[in-house]
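One structure below.
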Amino acid sequence: MALNLFRRYPMEIILVLMYIYLSFAAPGFATLDNQMNVLRNITMQGIIAFGMTMVIVSGEIDLSVGSGVAFSGCVTAWVTGALSDSIGPWPAITIGAICAMVLLFGVGVFTGKLRQHFNMPTFITTLGLLTVLSGAANLITGGFPITSFPFQFNFLGAGLLFGVPFPVYIFAAVFGFVYFLMNYTSFGRALYAVGGNLEAARLSGIDVWKTKTLALGITGVFTAMAGVLIASQILSGSASAARGWELDVISAVIIGGTSLFGGKGTVRGTLIGVLFLGIIVNGMTLLNVSEYWQLVVRGLLIIGAVLLNHALDSSAKKH
Amino acid sequence: MALNLFRRYPMEIILVLMYIYLSFAAPGFATLDNQMNVLRNITMQGIIAFGMTMVIVSGEIDLSVGSGVAFSGCVTAWVTGALSDSIGPWPAITIGAICAMVLLFGVGVFTGKLRQHFNMPTFITTLGLLTVLSGAANLITGGFPITSFPFQFNFLGAGLLFGVPFPVYIFAAVFGFVYFLMNYTSFGRALYAVGGNLEAARLSGIDVWKTKTLALGITGVFTAMAGVLIASQILSGSASAARGWELDVISAVIIGGTSLFGGKGTVRGTLIGVLFLGIIVNGMTLLNVSEYWQLVVRGLLIIGAVLLNHALDSSAKKH
Amino acid sequence: QSDMTIAAVVFQQDQFFRTIQLGMNAAADAAGVELLEGNSNSQPEQEISLIDTYIARGVDAIVISPVSAVASIPALMRARDRGIHIVTYNSNVDDTSIPVSYLNSAQRDLGNSTGMMAAEFIANELGGEANVATLGFRALLPEISADRVDGFVEEAEQGNTLNIVSQQDAWLAENAVQVAGDIITANPDLNIIYAANEGGTVGAVQAVRNAGKEGEIYVFGVDGTEQLVSFILDDDNVLQAVTAQQPYVMGQMAVEAAIAAINGEATEEAVIVPVLGLSRTDRPAVEEFQEYLQSLN
Amino acid sequence: MSAAIQTQSLTKVYGNVVALDDFSHTFEPSRIHALMGKNGSGKSTLVKMLSGVTQPTEGTMALDGEAVSFKSPQEAFDANIVTVHQELSLVPELSVTENIFLGRLPRASMLGVSAIDWRKAHRQTEKLFDRMGLSLDPKATISSLSVGQQQTVEIAKAMSFEPTLLLLDEPTSALATKEVEMLFGLLRTLKDQGVTMMYISHRMSELAEIADTVTVLRDGQHVGSIEMAASSLGTVVDMMFGDVARATRPARNAAIPKDNPVLQVRGLTREPVFRDISFDLRRGEVLGLAGMLGAGRTEVLRSIFGADPLDSGEIVLDGNTIAEPTPEFMVQLGLGYTPENRKEVGLVQEHSIHNNLSMASLFKLAPNGLITKSAEAPGVSKQIDQLHIKVDSPDLPVSSLSGGNQQKVVIGNWLNTDPKVMFFDEPSRGVDVNAKQQIFQIIWEQAASGLSSIFVSTELEEMLEVCDRILVLKEGELLSELDPAETTLAELYTACMEGL
Ligand SMILES: Nc1ncnc2c1ncn2[C@@H]1O[C@H](COP(=O)(O)OP(=O)(O)OP(=O)(O)O)[C@@H](O)[C@H]1O
Ligand SMILES: Nc1ncnc2c1ncn2[C@@H]1O[C@H](COP(=O)(O)OP(=O)(O)OP(=O)(O)O)[C@@H](O)[C@H]1O
Ligand SMILES: [Mg+2]
Ligand SMILES: [Mg+2]
């Protein structure tokens, strides 16, 4: 029985075990404060990871999200700086955020179009975009953080509402949205079909390119949202934010059981993956594990978690 | 005719055009010195890219090479420091380098074994290893570069032999070796078959796992060689060396026409890809292009180059 | 043994910060306080996550080199509002009411000090005129990079004519070897390379050696590490001078300031940790510094 | 009466291949029209244009007299044209229900938003299966079903569209007799309801049973259309090929020695697929392994070959007792295996014919690991000549060949290893009559020169035609041994169905 439960919910159970262990071992871990902390810290990567789940299920990948976050923070800050004086800070921020979302939606669509018309692997397009967007973010800021936000803007990324950090609500909303999309809409089901068997999906009359492109575009929007939240947290647009996030985000998605080859995966799994990574970082910091050991442990845990998923998967197939 | 030539050798022709342009536009570009410079600068990434070509052709990927370079430099430096006093610097360096190669060969084999027995995507294993090896390198050095090498060791990475930087000979030798492997051995044939259709290769009696594992192991050895060369160039083992190289190396391979999906690619193409990236960096530095614009231009050129390959490929299929 | 806990945050893994950490550990051990070490990897959001975690952990003080003068403010303010004492070192935030104490070796001084030694060198050896290239780390930390590079140029220009022929970024040694190599090629009449950090300096020296331009191109740099000190003592005449910060001392003083603040003692708002110019022309001083470095390990 | 489908000068050109050339014909409504022609004659191409998968290079199509042009499969669906394609087009990770209703799952309002109604979807699937007389779990994932079951899902999916025009491209190639009959029952019902159908198959015997008219294509040309009732199969074959030389089985010198078998299998078990399989393969013999779909034939062959693990049992190949077979090892001992699904696992489609022909013999050509193209060339050209593989150049990708020629490349790849024993798993699947005969000829010739082989085919006539001896497998157990010379088709069928 217990074994069966473990076979069905391996990551959930590991997560619970980690919680129990850390509650005893890590000073301050079990406090409400710290739990809120973990939540706030995972929101940004989590929001992107939910989008990335759709992209990977559809059989593609997006390596540009790290720079995308920095880029959209900088765009928002720049627009805010340019418009604040004439239309007031809040409308300016709103317009800035919308600009960032539209731009990154466009970048996602661009990636999708290259995939469609030239069969360009998204791996390569987004790898190139990773560099381009980072350069663009730096060009916007000139290398110096843009500090055009009013102090109250900090609420968005760091404020508390009913004792819970505000971004956590956004995180939950995005989760719900993606959950609904993937399970109860034809777009969501098309993602699975397209990732599982592109040709079959096409022959069933599914617009496979629209599906993939939309997944990339939505992920762009989520990336921009994360960028705005980060900008709010640091009250500035900084080109060096979120460097290397793409790998964390992809790790979280894969740890959550999504197949890199497409067609298989759930956003619920990704939530677990995001929590898993968030707790590792938080727990090790609280345990004062040395920087270097953190790297080693983290890498091994990622490998171990995915390994476990795969081992259980293949043993399930044998029985 | 010209169009046909372009269709067959697009990257070669673009490379020549870039050479012509930079010879006029970039001060010092066309000098022998600078050409040697470019060659020396591309050797390390190039050596790894040749190995990576085999890995990608076989249908896998290795994201850990950046940390691998740092790790092996540190191992070599550490062993040299530990043994120099008792057995002299040169034997110590030799033993150190061999240790590094054996270790990274082992890491490659480990990745291959996980792929074989647990169907672990190498993308994930090596993504985890990227972190692990970086942590390990830091643990070896304790955060300080290890400066245990004698000054003459610098020759390996920077010395001139008959007017040509010494590492260029190693680069050429590795190229020749991989070219031979991929074109004149059954292992090379097996790489293509395995990457083209794993199951078909397996049912033809090819030891598919040995093939993939060996490709990963050899790439590990090449990575270690690059690590030793870097250590020689900066005369120390540094844990921060080569960060992010994995993406450059993969870019070079893909620009060279190798398919990310396996089964297709040549090491000659990779040589072109490596030169292409090397010349972009060199040319932009000579032109004193600002850091930020360099990022943008570089990303766009990578996308453009691969796009061109794909566009020509599909137009070739139409005609 | 006291029951104080202090969190110490660096923003990069390199020799400079590692030495600071050593100094911090020494001070913490001496006072018997627990020290938690973190690294923000130059990323503002990672810094926030660390600070929030330390707030939750209930530390008494945070000793930090902030990633950014502005982006680091909100999280540090949160910490301060929770009664945690903030000490900044090496870099600071614009809102100077946040830290109880700020220790640094004035970034501009770092550039100035090397610049002065370069001014003398240019006047004596190059006839008062030089073609100069600089290696910075703008894409990493724009403010500090600019302080050092501009500080260098400002002093080196005194009484001399400088032609700045190239300004590039390269802060990791192996990257700097390439970039400096390219610059050397592009500018055959280059005289001087100034690198604004340790990795850049090592790379620049190696690039000159690679190009066989010893005695034609001279390198000036920042940081006093064992490797750089041995470069100065080398007789190939490439690395002329560096300005050493005293990271170990800085680390020690920062933790001591934090302990003082926790104990309710008065702290100095700004402390300048002196920098130390090390020049090929003053060999005994360099050798003395080398011995000091060896004594730390 | 209006014409259901009219084509006028319909032409499709791929590069320099004219796949369909100036095809003008009227397909009458409420009838079943068979489309016949050898591999590569343009049948699938015609179907693809009607279903919106590709667009004609020239010419027009009309439905009930109204001109139509489909830019996408969706537009064809909208016109009630539904297709079962030659390649299975299911999504393996999704459920049966979802595959059937892919892209059009029923919706309901959920909190004011339109959302997929899963319960209703499963109920609809159940209803559909009831109507068709199928018993499958709507929630099962496709990848857990056998190929035959998957094919039935595919057909159920087509039915669910309630088409007015149903296009079936080799729907029976993976079906066994029982399922074929079920399918034909369904098709007749649909015809009675007024549905027009186009039916492609390489199984001549099905024509008389199901087709009303036969339209024959040859190399993209329309040879003619005839009423099935008024003509014979011979006429159709003549139209397809001109004259086919029907291969006759050579007189075998009866003396296939019973003793000293080349392959001995004892007590082979792999639960739950097969158990206690024991047989001998004699030298120079063509041994048939007959059985219904899912009887376990493929599984037995794969396990002996080492492609799948075994629970227990003993294998003796040419005097070597093998404990744990692996493909590498078995190939070196002289065993060859042509898999049933050559597209997926028999060939590297993107690679050249040259490379595909020397894939299995690498170890032989390169005993010390070194190899050159010229070392492979003799084997490559030998097989191209001997097997009459129709190629422009061996450097072209194997995907450019027609199905029959691809199958020959698979066989040639193995013959290059100089095998002692060959397993032929469905070598005639999806191959036209002519190519089929050539392949049988190859098997007989090789047998005459000493090769022992095991032959598997779902078409029982072929088993009788090709084999020296037939073993019958049912639900993973060996039931009986038959002599094809003394067995009628009906008897073999009964043996497979009931185990005799
Ligand atoms: N996408 C394509 N690109 C190029 N040529 C093609 C393509 N599809 C089909 N052809 C060519 O068009 C011709 C007709 O092919 P088609 O698939 O219609 O034949 P078929 O009659 O269905 O054969 P089979 O019985 O083997 O299925 C063949 O020569 C084939 O090689
Ligand atoms: N990996 C597996 N796990 C469990 N059952 C399997 C597996 N592979 C096949 N089976 C089942 O074993 C039985 C035998 O399958 P097999 O493919 O050998 O049949 P076959 O006689 O070759 O028929 P065909 O190839 O025409 O489908 C089928 O019922 C199939 O569903
Ligand atoms: Mg066809
Ligand atoms: Mg079978």
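What you are looking at is a predicted structure, and each value in this text was computed from that prediction instead of being measured. Lettering of chains follows the sequences in order, A, B, ..., and the numbering in each one begins at 1. The figures that follow rest on heavy atoms only: side chains count, while hydrogens, waters and symmetry mates do not.
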Could you tell me whether the side chain of F50(B) reaches within less than 4.5 Å of the side chain of L271(B), counting heavy atoms only? yes
Taking the side chain as everything from C-beta on, heavy atoms only, tell me whether V75(A) gets closer than 4.5 Å to V79(A). yes
Using non-hydrogen atoms and a limit below 4.5 Å, what part of residues 64-73 of chain A faces chain B? none
Checking heavy-atom separations under 4.5 Å from chain A, one finds in residues 239-260 of chain B L247(B), I250(B), S251(B), I254(B), L260(B)
For the atom pair CG (N309(B)) and CE (M11(B)), what is the distance rounded to the nearest 0.5 Å? 6.5 Å
Can you name the closest pair of heavy atoms from T266(A) and T53(A) and give their distance? O-CG2, 3.8 Å
Would you compute the distance between atom CD1 of I61(B) and atom CE of M52(B) and round it to the nearest 0.5 angstrom? 6.5 Å
What part of L308(A) gets within 4.5 angstrom of chain B, counting heavy atoms only: side chain, backbone, both, or neither? neither
What parts of residues 122-140 of chain A touch chain B if we use heavy atoms and a cut-off under 4.5 Å? F123(A), I124(A), T125(A), L127(A), G128(A), L129(A), L130(A), T131(A), V132(A), S134(A), G135(A), A136(A), N138(A), L139(A)
Minimum-distance pair of heavy atoms, taken over all atoms of G220(A) and L104(A): O-CB, 3.3 Å
When rounded to the nearest 0.5 angstrom, what distance separates CD in E60(B) from OG1 in T219(B)? 11.0 Å
Look up atom NZ in K113(B) and atom CE in M120(B), then write down how far apart they are to the nearest 0.5 Å. 15.5 Å
OH of Y192(A) to CE of M54(A), rounded to nearest 0.5 Å, is 10.5 Å
In Å, rounded to the nearest 0.5 Å, how long is the span from CD1 of I14(A) to CG of L301(A)? 9.0 Å
Please walk me through it: do C74(B) and T141(B) pass side chain to side chain contact (heavy atoms under 4.5 Å, CB included)? CA-CA 7 Å; C74(B) 294; T141(B) 62; 3.3 Å; yes
Could you tell me whether the side chain of K212(A) and the main chain of S58(A) form a donor-acceptor pair under 3.5 Å? yes
Sub-4.5 Å heavy-atom contacts with chain B: which residues of residues 276-292 of chain A show up? Y292(A)
Flag if over 12 foreign heavy atoms under 6.0 Å of OH, Y9(A): no
So with a 6.0 Å cut-off around CH2 of W209(A), is the heavy-atom count from everything else above 12? yes
Return the option, out of V297(A), L307(A), V306(A), L63(A), with the maximum number of heavy-atom pairs under 4.5 Å with chain B. L307(A)
